[in-house]
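Have a look at the structure below, then the notes.
Quantities reported herein were computed from a predicted structural model and do not represent experimental measurements. Note on naming: letters A, B, ... go to the chains in the order of the sequence lines (proteins, then strands), and numbering restarts at 1 for each one.
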Protein chains: 2
Amino acid sequence: MVATKKSEPRGRRRSFDVDEAVETAMRLFHARGYDAVGVAELGAELGIKPPSFYAAFGSKAGLFERALRRYAAGEANIFARALAEGGDVATVIARTLALAAALYPGQNGTAGCLVLDGARNSADPEAQALADAAKREGCAAVRDFIATEAPDRADALADLVVVAMMGMSAAARDGADRDRLERVAAMMDRAFRRELSGA
Amino acid sequence: MVATKKSEPRGRRRSFDVDEAVETAMRLFHARGYDAVGVAELGAELGIKPPSFYAAFGSKAGLFERALRRYAAGEANIFARALAEGGDVATVIARTLALAAALYPGQNGTAGCLVLDGARNSADPEAQALADAAKREGCAAVRDFIATEAPDRADALADLVVVAMMGMSAAARDGADRDRLERVAAMMDRAFRRELSGA
DNA sequence: ATTTTTTTGTAGCGACCACTATAAAAAATC
DNA sequence: GATTTTTTATAGTGGTCGCTACAAAAAAAT
């Protein structure tokens, strides 16, 4: 194994870090929503000009897709984090709601959930479809997990959890702080346990 | 009382009905959000040209304000409707949630609540401020009513109700139908009763 | 050193944004 | 009928939108 070092690509090297650019775009889209962040601002913030932007990401929606994937693959995927720590359905859902209350207040204006609210009211059908697909994925994961204990009522119970998360995301975007969200999360958790135990 | 008939205003008569125009604008803003509806489309749908538009409403945000007031003054103000029928706190909140489940699926694409979601992710600070003021008004009404029975826990209980409504509005905008919303509303109602009765 | 490939910056595309200057049309008052 | 007042339609303002044509610059391969 001498020549494992892959040869450099042929042309001029990129002058910016793609992952870093996706991270910055993710933050901007999260803070103000898809439509409110223009390509000009993205380019300025990322330090790249339009041709480099389109060579790297294809389109504004292409960058949004990368940002959504990065978001769902990181610590913002609160259900995945709650699930990873193990436990029964009630425990994991309680953890999920608590993580939402901790994460959704955000910082630097990045409140709520990018997947749930990033493309809300967007005029671009492509952005709407991307966010919608990410939502379906997350909701299906919650539903399937709940179904392991309550297959009959999984749909209703998942709806309760998802509506709670959407409501908390919206409230956070409207300025609700961590204390208020934690209070709501605790009540939502009690509601979920009650419904799960077969009210 | 002979001359009670007020004299006609002096100039040329308006060729369109202002209230009807506000109604149409309300429907458009409700369906797609503030930013996604342009002045050109509004003018076309209302059958009026830009100068008439600005003479009547001052600005796009001015028309949005009229639409918000009309919305909050009508049957879309579900808490006011629930309150008008009387009853104790638990009864009125249950009615509010049930009305949300009935109203939020909407028709012709007008899903969710215009006040809660009409200016979400808007790039216009004026539209955001108008929607925010309407939200505060509605939330304060819920809080003050709950305070008549539970003054200590009114803030937390109102947060529970408002987060439930925001979540149901978001879910409706994402396509949730009436059956699903009613199931969620019933669970939220049980949660509220449990918290009100002092868990 | 020349060729080839990729990224870069400059400049600008047509389309749409909210909004307005101007003057003609339609009504009441004189 | 002439004057005054308001609304109308035509046309266009500067600005921003997402996106692209073009050629110079920077790298590897020859």
- Residue-level proximity of residues 9-19 of chain A to DNA chain C when a heavy atom falls under 4.0 Å: Arg10(A), Gly11(A), Arg12(A), Arg13(A), Arg14(A), Ser15(A), Phe16(A)

- Do any of residues 45-60 of chain B sit with a heavy atom less than 4.0 Å from DNA chain C, and if so which? Pro50(B), Pro51(B), Tyr54(B), Ser59(B), Lys60(B)

- Item | Plane angle bin for Phe16(B) and Phe57(B) - parallel if under 30°, tilted between 30 and 60°, otherwise perpendicular | tilted

So [Y] and [X], do their side chains get closer than 4.5 Å, heavy atoms only?
X        : Y         : answer
Ile78(A) : Met165(A) : yes
Phe29(A) : Asp35(A)  : no
Val18(A) : Arg66(A)  : yes

- Task: May I have the distance from Glu41(B) (atom CD) to dC19(C) (atom C1'), rounded to whole angstrom?
- Result: 17 Å

Value rounded to 0.5 Å, distance of [atom1] in [X] from [atom2] in [Y]:
X         : Y         : atom1 : atom2 : value
Arg143(A) : Leu157(A) : CZ    : CG    : 10.5 Å
Asp124(A) : Phe64(A)  : CG    : CZ    : 9.0 Å
Asp189(A) : Arg95(A)  : CG    : CZ    : 11.5 Å

- Got a sec, which residues hit side chain to side chain contact (heavy atoms under 4.5 Å, CB included) with Ala101(B), two or more places apart in sequence or on another chain? Met168(B), Leu181(B), Glu182(B), Ala185(B)

- Item | Test side-chain contact (heavy atoms from CB on, under 4.5 Å) applied to Leu63(A) and Leu68(A), Val22(A), Val39(A), the passing residue | Val22(A)

- Is the NZ or CZ atom of Lys60(B) both under 6.0 Å from the centre of the six-membered ring of Tyr34(B) and within 45° of that ring's axis? yes

- Item | Pair Asp174(A)-Met166(B), side chain to side chain contact (heavy atoms under 4.5 Å, CB included): steps then yes or no | CA-CA 11 Å; Asp174(A) 288 345; Met166(B) 283 179 169; 3.0 Å; yes

- Which angle, to the nearest 10 degrees, lies between the helix axes at the two ends of the helix from dA1(C)-dT30(D) to dC30(C)-dG1(D), each defined by five pairs? 10°

- Message: Taking any atom closer than 4.0 angstrom to a non-hydrogen atom of chain A, what span of DNA chain D does the protein reach, first nucleotide to last?
- Response: dG18(D) to dA29(D)

- Note on the structure: Applying side-chain hydrogen bond (donor to acceptor under 3.5 Å, both in side chains) to Arg70(B) and not counting sequence neighbours gives Glu23(B)

